[in-house]
Amino acid sequence: MLNEQQILAEAGSATFAKGMQLLAQNKVLQFKLEAERCTAMVQGSRPYQVQIDLHSGRAFCSCPAAEYQSLCKHGVAVALRLSLANQGVEPANDERAQLRAHFADKAADELVEIVLDCLEQSPHLWQKWLLQVRSAKQPLSVAELKKRLTQALPLRSLWDWDEVRDYFLDAEQQLDILWPALARLAAEDQWTLVNHALKRFNLVLERLDDSGGNRFAVEEQLCRQLALAFDRLDWSDQKKAQWLFDNLDNDQDIFPRVPEDFSLSAETQQALGALCEQALQKETKVLKGKTPDFEYTWRMSRYAAPLLALAIQNDDWREQLRIRAMLASQSDDFLALCQLCLAHQAQDEAQAWLNRAYASAKSRHEKNACRHHEVEVKLAFGDSQGAWSLAWQLFTEAPNYEAYQELAKLYGQLGQPSPDFLAQVESCFEQKGGEALLAFYLEQRQLDKAREWTKNHSANSGLLLALSEELLEWHPDEAIALVLKVVKPLIEQTHNDAYQQAILHLSQLQKQLRDQDHSLKPFQDAIEQLADQYRRKRNMLALLKEHF
């Protein structure tokens, strides 16, 4: 989620609009950007904690909507704030900057009193700092820290959403207090305690229902701490490699990804690779031509993963090919090998893997995938005519807009081999029917044909809105009618998110009409007709009155 377009695509226009409003209303508080995540508190109907993992892009929020939405409005607000931070933009009303400037003028004694007063308002922070003070003088023993870690993750049977959320919020705060104290112990003791906490966490998850994903912040803490503790261990490279190998398929539900989540020296990577190579060779001998089952395939993939990572890191495609070939058993696997060879101009080998893919293909889908790859193989061998003939055949068998776009790339690459190409594509779309023809007209800017097509056909909202924008300058009445085609089905869904989305489309249309100096009377007439037609939908009517 690096920019507004990606955030919009993830959240949907209605949720995006709400999140943008929260940010504009200064509801994003305590925004903090760290190396691996950003966190903030968003003031909604109550304060909600939001965290965005900077590696995966996943957002986690403590609100109920986050249970069923991939990105809630609070997550949108923080993601937008993160986007601004990535651009080096600080909001004019940035609270952190304001507070920094205010405290910069305070004397040290006054600052101490302010900090103490603030800590008294938060039992969590008070205990966190008090523990740091005590452990600085006398480090906590391993036994005491183990007891505290256990207390932070009590075994309870919880099923209510609010209770589960509060459980993990409390656990996160208690663990946050303990990590600085744990970091003062010997490396082996840290390792023992973090493993204990992670096992305890897995036991906790067996007893409660966390379908809302409230555990993610604690999960991230524990997995990160285990990787950090591993890095501090004074083990030999061989011992570290052996532990990683033994845990490639750890049976705990929650566990760091091995080896992806660990920082490894080159020597440890090599030692792990040697263990994985031995295991692969052993498994291959055991199979001896038998049909591989799921368990075998899973083990092989886990053993191969570190070797593949090392090969990719070393930019060694031949090693990648060797390892992937050991795992290949289905048509898709052989096609991937074909593609790898094509990428490195090994045409003969690509053809051999394509032949194996054809031989393994069972379904129509798999056979068509082989034919698509055959186009690329023909091109690699310089058979332009054969490649174009097969590509055109594939398109005519299943004409759609995405297939046309791929075919158009090949058309340009081969120097326009068919003089009637566009006319033939249009004919295929006309015979099949469907909205691909409208997308084609829009791309070719055949707006008169597009206008005529929409009079008798329906299309998705994206295409209708795109056509509306194209027609707005010369045919504003038609542009308004097309937006209404999108808006009315939304209103008829009769829920507030759909209403918000309808308002967003209407607001954008109003702005476009103003920007092009069109009369707003037809637009206002359309609004009044909507208000009359949907007068029984009171929430929608209220929104129309509020905005227009």
Side-chain angles (χ1 to χ4, degrees), residues 291-294 297-298 300-301 304 308 317 320-321 323-444 457 459-460 462-463:
T291 303
D293 59 14
F294 174 80
T297 304
W298 172 253
M300 290 287 283
S301 67
L308 278 174
W317 80 271
Q320 293 179 51
L321 186 69
I323 298 165
R324 292 184 186 278
M326 293 176 71
L327 306 178
S329 61
Q330 299 180 357
S331 180
D332 287 348
D333 301 328
F334 298 125
L335 288 179
L337 294 169
C338 171
Q339 197 64 43
L340 183 59
C341 291
L342 285 175
H344 293 87
Q345 292 78 49
Q347 296 95 325
D348 291 335
E349 291 177 77
Q351 181 67 67
W353 290 117
L354 177 61
N355 293 342
R356 292 194 64 178
Y358 266 120
S360 303
K362 298 179 177 62
S363 68
R364 181 177 179 180
H365 170 77
E366 289 177 332
K367 292 175 182 176
N368 277 337
C370 292
R371 294 168 72 200
H372 280 284
H373 277 74
E374 186 178 352
V375 172
E376 296 187 48
V377 172
K378 287 181 180 296
L379 285 173
F381 277 106
D383 184 6
S384 300
Q385 184 176 353
W388 177 255
S389 177
L390 179 55
W392 177 256
Q393 182 181 350
L394 287 165
F395 171 73
T396 56
E397 289 175 2
N400 59 69
Y401 186 69
E402 290 73 21
Y404 154 69
Q405 289 179 306
E406 290 299 317
L407 190 64
K409 289 180 185 176
L410 181 60
Y411 176 76
Q413 181 181 342
L414 296 179
Q416 303 179 359
S418 174
D420 299 325
F421 172 59
L422 294 177
Q424 292 171 333
V425 169
E426 182 178 359
S427 176
C428 283
F429 283 149
E430 286 174 343
Q431 292 174 26
K432 182 184 179 183
E435 60 188 25
L437 185 57
L438 176 57
F440 174 78
Y441 286 149
L442 280 169
E443 185 200 65
Q444 297 298 313
H457 301 87
N460 71 64
L463 288 173

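Between Phe429 and Tyr404, the angle of the ring planes goes over 60°, which puts this pair in the perpendicular group of the 30/60° scheme.
With a 4.5 Å cut-off on side-chain heavy atoms, Leu379 and Gln413 count as touching. No side-chain heavy atom of Lys409 sits less than 4.5 Å from a side-chain heavy atom of Gln405. Contact of the Phe421 side chain with the Trp388 side chain is registered, since non-hydrogen atoms from C-beta on lie closer than 4.5 Å. No side-chain heavy atom of His457 sits under 4.5 Å from any side-chain heavy atom of Leu438. Side-chain contact between Val425 and Tyr411 is absent, with no heavy-atom pair separated by less than 4.5 Å. Under the 4.5 Å side-chain criterion, counting only non-hydrogen atoms from C-beta, His373 is not in contact with Trp353. In this structure, the side chains of Gln347 and Val377 stay at 4.5 Å or more apart for every pair of heavy atoms. Within the 4.5 Å cutoff, the side chain of Arg324 has no heavy atoms near those of the Asp333 side chain.
We find that Glu374 and Arg371 are not joined by a salt bridge, their nearest charged nitrogen and carboxylate oxygen being 4.0 Å or further apart.
Here the straight-line distance linking atom CG of Leu437 with atom CG of Leu442 works out to 10.0 Å at 0.5 Å rounding. Distance CZ/Phe334 to OG/Ser360: 4.5 Å, rounded to 0.5 Å. In this structure, OG on Ser301 lies 12.5 Å from CD1 on Ile323, to the nearest 0.5 angstrom. Once rounded to the nearest 0.5 Å, the distance linking SG of Cys338 with CG of Leu354 reads 5.0 Å. Rounding to the nearest 0.5 Å gives a distance of 7.0 Å between CG of Leu308 and CG of Leu327. Expressed to the nearest 0.5 Å, how far CZ of Arg356 lies from SG of Cys370 amounts to 12.5 Å.
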Exercise for the section: Given side-chain contact (heavy atoms from CB on, under 4.5 Å), test Ser418 with Trp392 step by step and report yes or no. Expected result: CA-CA 10 Å; Ser418 174; Trp392 177 256; over 6 Å; no
Exercise for the section: Would you sort out whether Glu349 and Leu321 count as a side-chain contact (heavy atoms from CB on, under 4.5 Å), showing the intermediate values? Expected result: CA-CA 11 Å; Glu349 291 177 77; Leu321 186 69; 3.7 Å; yes
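Listed for the Asp420 side chain is no donor-acceptor partner under 3.5 Å among the backbone atoms of Ala423. Side-chain atoms of Asn368 never come within 3.5 Å of backbone atoms of His365 as a donor-acceptor pair (strictly under, hydrogens ignored). Between the side chain of Glu366 and the backbone N or O of Lys362, at least one donor-acceptor pair lies under 3.5 Å. A side-chain donor-acceptor contact under 3.5 Å links Glu435 to the backbone of Asn460. No donor-acceptor pair under 3.5 Å is formed between the side chain of Lys378 and the backbone N or O of Gly386.
Gln393 and Ser389 share no side-chain donor-acceptor pair at under 3.5 Å. In the model, Gln339 has a side-chain atom that pairs as donor or acceptor with a side-chain atom of Glu376 under 3.5 Å.
Looking at every heavy atom in both residues, Asn400 comes nearest to Ala403 through OD1-N, 2.7 Å. Of all the heavy atoms in Tyr358 and Lys367, the pair that sits closest is CE2-O, 4.2 Å. The two residues Ala387 and Leu410 come nearest to each other via the heavy atoms O-CD2, 4.2 Å.
Counting heavy-atom neighbours within 6.0 Å of Gln385 CD, excluding the residue itself, gives a total of 12 or less.
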